[in-house]
Chemist: 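The structure follows.
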2 protein chains.
Amino acid sequence: MAEPPIRSRILEEARDLFVAQGAAAVTMRGVAARVGVTPMALYRYFPSREELLGALVEQGHATFLGYLNRSLRETTPLARLAVAGEQYLRFALEHPQSYAVMFMERDVPVGRAGAADAGEGAATFRFLVDRVRDCSAAGALEVADAEETALVVWAHVHGLVSLFLAGKLPLAEREFADLYRRSIDALLRGFAPPAAAPASASARRATGRRVRGGTVATRAR
Amino acid sequence: MAEPPIRSRILEEARDLFVAQGAAAVTMRGVAARVGVTPMALYRYFPSREELLGALVEQGHATFLGYLNRSLRETTPLARLAVAGEQYLRFALEHPQSYAVMFMERDVPVGRAGAADAGEGAATFRFLVDRVRDCSAAGALEVADAEETALVVWAHVHGLVSLFLAGKLPLAEREFADLYRRSIDALLRGFAPPAAAPASASARRATGRRVRGGTVATRAR
DNA sequence: GTCTATAGGTGGATAGAC
DNA sequence: GTCTATCCACCTATAGAC
């Protein structure tokens with residue numbers, strides 16, 4: 001315990017390289033040099049570089065789930081969904097390299113399955129589906145298919161985040177965060193139940209946009 | 001003219017490798033072998049592999065703009081926006097490798113500028129802004145900031161497309177295309193003007209979702 | 001001008017000695 | 001377990017033949 005196992009040391013150094021300079025910087029040679037062994041020694045613990053990266057991605061998914069779980073402190077379904085969205089953004093901004101490899105890379109070395117039903121990634125998606133289902137059950141959203149709606153919401157936030165992280169959006173982080181929130185409002189407005197419309201509609205007519213009451217406006221930090 | 005210039009031959013073979021196996025497959029050795037010259041010969045026409053890839057990306061943007069332009073045949077602003085969305089999807093599905101390198105890759109070798117104001121990419125974004133502005137002017141959408149709204153719409157479709165292309169969505173192409181259309185409906189519903197709501201709202205209450213009349217439902221092909 | 005030959009650098013990975 | 005050889009594939013660059 002006092003002596004960190006070599007395997008952990010490897011993962012540690014790999015992770016540092018990973019978050020600092022991205023997946024491309026995680027070379028067997030580079031990691032080995034930092035650990036203090038020859039490149040070949042790493043192959044005793046990881047059969048290939050792919051597997052090493054896979055372990056890092058798994059670690060990323062676990063961290064990500066930790067962020068999302070903080071949204072469960074909220075008291076209303078809609079607030080939980082909203083805060084989950086905030087936490088999604090927080091994770092992406094605080095761990096951009098991890099986010100990129102988890103969701104933006106092609107041929108991700110995730111677990112073993114090929115589709116979206118893979119282990120780690122599935123858990124985070126399930127989380128979002130549950131949030132949507134809660135809102136639907138509480139009448140906060142009008143949802144025909146919770147999985148599909150969750151997927152649409154996921155795609156929306158991912159689209160924003162991935163474009164921002166790829167440097168395609170000429171916005172400062174602060175501006176982007178505001179845009180992120182406003183656009184989620186707009187999207188959820190499309191799933192708002194007709195019954196709940198009146199209050200929302202009046203407020204909307206007044207401000208021009210950015211509505212959806214205090215419950216949802218709850219901030220994460 | 002009868003003899004295709006070597007430079008064109010190079011681009012041609014590079015493009016084939018590119019669309020078939022992605023950017024990683026475009027190696028100087030691989031391209032040179034197919035052209036029938038040595039790897040070094042390529043450096044007479046392209047200073048580096050980066051520049052070669054850049055030329056391919058530029059070509060991709062040009063093709064993309066061609067797809068989008070087809071939406072201008074429509075007669076209403078909303079229909080033009082909707083068909084532009086259809087064409088966006090078509091391009092992504094018909095040129096997945098190009099799409100990936102243009103929008104999903106990090107450190108894209110686009111032109112020279114660093115931000116989103118780069119040459120080729122900017123033109124396609126401008127196109128979308130124009131579509132949104134048209135809708136806003138015609139009262140079809142309630143838009144405070146056309147650039148921001150266009151960006152949100154872009155992020156939305158990009159999110160869907162990029163997740164699908166990355167294999168994160170357990171959907172067949174057909175299912176995905178349907179989902180794509182429905183989700184855009186939902187998003188635009190969030191930007192729908194309160195005045196236009198009545199007709200839309202009644203139809204919506206009847207079907208449960210998938211509204212927004214025949215004008216928008218116009219298909220691309 | 002265009003290409004070949006060749007050499008240097010980075011990376012991943014296998015085989016087999018210690 | 002760890003290491004030394006060693007091989008392979010790739011990009012880049014210089015020298016010099018045609």
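Since the model is a prediction, treat every value here as computed from it, not as a measurement. To find a chain, count down the sequence lines: A is the first, B the second, and so on, and within it residues start at 1.
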Chemist: For Gly36(A) and for Arg29(B), find the nucleotide of DNA chain D with the closest heavy atom, then tell me which residue's nucleotide is more 5'.
Modeler: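 It is Gly36(A), whose closest nucleotide lies nearer the 5' terminus.
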Chemist: Starting at CG of Leu53(A) and ending at C1' of dG11(C), how long is that distance when rounded to a whole Å?
Modeler: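 My rounded result for the distance is 13 Å.
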Chemist: Under 4.0 Å: is that the gap between some side-chain N or O of Tyr45(B) and OP1 or OP2 of dC3(C)?
Modeler: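 Yes, such a contact exists.
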Chemist: Could you go through Gln97(B) and Gln21(B), starting from their C-alpha distance and side-chain angles, then the distance that decides it, and tell me whether this counts as side-chain contact (heavy atoms from CB on, under 4.5 Å)?
Modeler: CA-CA 8 Å; Gln97(B) 305 287 4; Gln21(B) 308 175 53; 5.7 Å; no
Chemist: Whole angstrom is fine here: how far is it from CZ in Phe46(B) over to P in dT12(D)?
Modeler: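 Checked: the CZ to P distance equals 13 Å.
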Chemist: Hey, is the side chain of Thr38(A) poking within less than 4.0 Å of OP1 or OP2 on dT2(D), counting only N and O atoms?
Modeler: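 Answer no for this pair, as no side-chain N or O of Thr38(A) is under 4.0 Å from OP1 or OP2.
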Chemist: If you define the side chain from C-beta out and look only at heavy atoms, does anything of Leu56(A) sit under 4.5 Å from Val101(A)?
Modeler: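 Answer no - side chains too far apart.
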Chemist: In whole angstrom, what separates Leu17(A)'s CG from dG11(C)'s C1'?
Modeler: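 Spelled out: CG on Leu17(A) to C1' on dG11(C) is 14 Å.
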Chemist: Taking the side chain of Arg49(B) as heavy atoms from C-beta outward, which of dT2(C), dC11(D), dA13(C) is closest to it?
Modeler: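 Among the listed nucleotides, the one closest to the side chain of Arg49(B) is dC11(D).
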Chemist: Between dT4(C), dG12(C), dC3(D), spot the one nearest the side chain of Met40(A), thanks.
Modeler: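 Looking only at heavy atoms from C-beta outward on Met40(A), the closest nucleotide is dC3(D).
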Chemist: Would one find a side-chain N or O of Arg44(B) under 4.0 angstrom from OP1 or OP2 of dC3(C)?
Modeler: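 No, outside the criterion.
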Chemist: Take atom CD of Gln21(A) and atom P of dG11(C), then tell me their distance rounded to the nearest Å.
Modeler: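 In whole Å, dG11(C) P lies 11 Å from Gln21(A) CD.
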Chemist: With the side chain of Met28(B) defined as its heavy atoms from C-beta on, choose the nearest nucleotide among dC3(C), dC11(D), dG12(C).
Modeler: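 Among dC3(C), dC11(D), dG12(C), the one nearest the side chain of Met28(B) is dC11(D).
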Chemist: Any side-chain N or O of Tyr43(B) below 4.0 angstrom from OP1/OP2 of dT12(D)?
Modeler: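 So the side chain of Tyr43(B) is within the cut-off, an N or O lying under 4.0 Å from OP1 or OP2 of dT12(D).
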Chemist: Please give, in whole Å, the distance from dT12(D) P to Leu52(B) CG?
Modeler: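 Rounded to the whole Å, the gap is 10 Å.
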Chemist: Pick from Tyr67(B), Tyr180(B), Tyr99(B), Phe127(B): which one makes a ring-ring contact (aromatic ring centres under 6.0 Å, His included) with Tyr88(B)?
Modeler: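 In the set Tyr67(B), Tyr180(B), Tyr99(B), Phe127(B), the residue that makes a ring-ring contact (aromatic ring centres under 6.0 Å, His included) with Tyr88(B) is Tyr99(B).
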Chemist: Hey, is the main chain of Glu86(A) close enough, under 3.5 Å, to the side chain of Arg181(A) for a donor-acceptor pair?
Modeler: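 No: the side chain of Arg181(A) does not pair with the backbone of Glu86(A).
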Chemist: Answer yes if the side chains of Ser183(A) and His156(A) hold a donor-acceptor pair under 3.5 Å, and no otherwise.
Modeler: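 Their side chains do contain a donor-acceptor pair, which is all the 3.5 Å distance test asks for.
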Chemist: Report the distance from atom CD1 of Ile6(B) to atom P of dG1(C), rounded to the nearest whole Å.
Modeler: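 Spelled out: CD1 on Ile6(B) to P on dG1(C) is 14 Å.
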Chemist: Have a look at Val35(A) and say if it touches a base, only the backbone sugar-phosphate, or nothing, with a 4.0 Å heavy-atom cut-off.
Modeler: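 The answer is nothing, as Val35(A) stays clear of every strand by at least 4.0 Å.
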